[in-house]
Amino acid sequence: MIDPQLLRENPDIVRRSQESRGASVAVVEDAIEAETARRAAIAEYERLRAEQNAFGKQVAAAPKDQKAALVAQAQQLAAAVKSAQQVSTDADRRFTTTIRSVPNVVLDGVPPGGENDYVVLREVGERPTFDFEARDHLALAEGFDAIDMARGAKVSGARFYFLKGIGARLELALMNLGLDRALAAGFTPVIPPTLVKPEIMEGTGFLGEHADEIYYLQADDLYLVGTSEVPLAGLHADEILDVSAGPIRYAGWSTCYRREAGSYGKDTRGIIRVHQFNKLEMYVYTTADQAEAEHQRLLGWQEGMLQSLGLSYRVIDVAAGDLGTSAARKFDVEAWVPTQGAYRELTSTSNCTTFQARRLGIRHRGEDGTEPVATLNGTLATTRWLVAILETHQQEDGSVLIPEALRPYLGGLEVIRPGAAR
RNA sequence: GGAGACGUCGCAUAGUCCGGUCGAGUGCACCACCCUGCUAAGGUGGAGAGGGGUUUGACCCCUCCGUGGGUUCAAAUCCCACCGUCUCCGCCA
């Protein structure tokens, strides 16, 4: 939820943000109107309520013979209070609904436009080249019996898979590498719940435009999370945090579930786009004025991971129209996938400023009382990374060199050979 | 799944039977100051959250006793539902 004070005092900033997202400017006018109506309704209700409170005291203090007459009067007042309260509650609900439909205000410098209007900030590392026919990640993995798509489909349907043998070990190694690096950077490791209540899912901003993407368990009124960002944001809901000593940083490992509705026919081969995968996610609570610096740090840790794995990548500044509801700015790190001749997203880091925190009631004590904190998130590793690792480090005989950083997590294994791996 | 107990402003508690004096008392912790020859003890005062108004004054008002309803002129207190915690029983990968 955006700052109501900003809406009232600087609506132009909100309008410009909507324009750069290519989103509706009309909702800004709706929100302003709802805010004004809300305040008027509250003022009227509170005036009547104050009157009723004062009257109640008279009734309590009155001698017995006068009480009946006073109570008769008070009954009328009570009716007026009740209806004014109803008006006030309705106005408040309408305001909340309206303002929540406004996505976060984008930061200065974010490129305007849609999906293809990103700005490339840098390209890092040399793209691998091969003097043989490169195999794609699935062909390589099948040589090691590391990924089993057919049986995944048999058991669970399309876009499900088994990671087996070295495939399973490789993923665990990757996650452990990420966790150790996060630990060194001061993150607290967390394994969160992956089923969450509606208000938590709502609070993180995922029930808006991405509602179709989310698995929902009707019998229990719970949602399966598509990222541990959701439970990590909910972790401190309705709390006042002490961020005076610096940002509070969590590294959450979880399985992620995505319906991938509307992506029929896209990335159907292998594990690029699947319904279930694992992810190590960074999640940070800090003050609003430190958010942008922290965002750069998150990006730095992500790049450090890709570099340690010997991957070639680029960093893009995602355009306003392609930001999620909660994000004010987002950087993606995309790795080069040789057989696709393209960069594919491996990480994403968003600065949600105070948007999520305002919805979830997460505050800290500032100079003038409590203020919402800023929240940020960013990927540190996912199952998809296996695609880039396998393809980048493949050799002519179908074997794959294991990046040095991963070897300690695989008992020193240096190369995966077809047929021999387990 | 069944039975019972409980859920109060950081923590611990009083208050709930018999509705108005609870716009919530006390202890601990916390902050400021005082006293004290010093990381103790004592004293005084302060201090919660959300929202509205405003002559923008360190001022006024409204709301918050798990959540949501209800009864009432008036609810922490009465009624209903739900959520959570604990104990016991049952069942179970």
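To find a chain, count down the sequence lines: A is the first, B the second, and so on, and within it residues start at 1.
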Given that both distances must come in under 3.5 Å, which nucleotide forms a Watson-Crick or G-U wobble pair with [N]?
N       : result
rC30(B) : rG46(B)
rG1(B)  : rC89(B)
rC38(B) : none
rG68(B) : rC80(B)
rU54(B) : none

Euclidean distance for [atom1], [N] against [M] (whole angstrom):
N       : M       : atom1 : value
rG10(B) : rG51(B) : C1'   : 22 Å
rA24(B) : rA76(B) : P     : 11 Å
rG66(B) : rU77(B) : C1'   : 16 Å
rG15(B) : rC34(B) : C1'   : 34 Å
rC92(B) : rA14(B) : C1'   : 43 Å
rG57(B) : rG70(B) : P     : 42 Å
rG19(B) : rU36(B) : C1'   : 50 Å
rU44(B) : rU54(B) : P     : 41 Å

Which nucleotide in rA49(B), rC83(B), rC62(B) has an atom nearest any side-chain atom of Ala50(A): rC62(B)
Aromatic plane relationship, His236(A) with Tyr285(A) - under 30° parallel, 30 to 60° tilted, over 60° perpendicular: perpendicular
Under 3.5 Å donor-acceptor pairs involving side-chain atoms of residues 183-204 of chain A, not counting sequence neighbours:
{"unit_1": "Glu202(A)", "atom_1": "OE1", "unit_2": "Arg100(A)", "atom_2": "NH1", "d": "2.6"}
{"unit_1": "Thr204(A)", "atom_1": "OG1", "unit_2": "Ile200(A)", "atom_2": "O", "d": "3.3"}
{"unit_1": "Thr204(A)", "atom_1": "OG1", "unit_2": "Met201(A)", "atom_2": "O", "d": "2.9"}

Detail all sub-3.5 Å separations between protein N/O atoms and N/O atoms belonging to nucleotides 70-80 of chain B.
{"unit_1": "rC73(B)", "atom_1": "OP1", "unit_2": "Gln75(A)", "atom_2": "NE2", "d": "2.4"}

Pair Arg47(A) + Glu51(A), salt bridge at N-O below 4.0 Å: yes
Pair Glu281(A)-Ser228(A), side-chain donor/acceptor within less than 3.5 Å: no
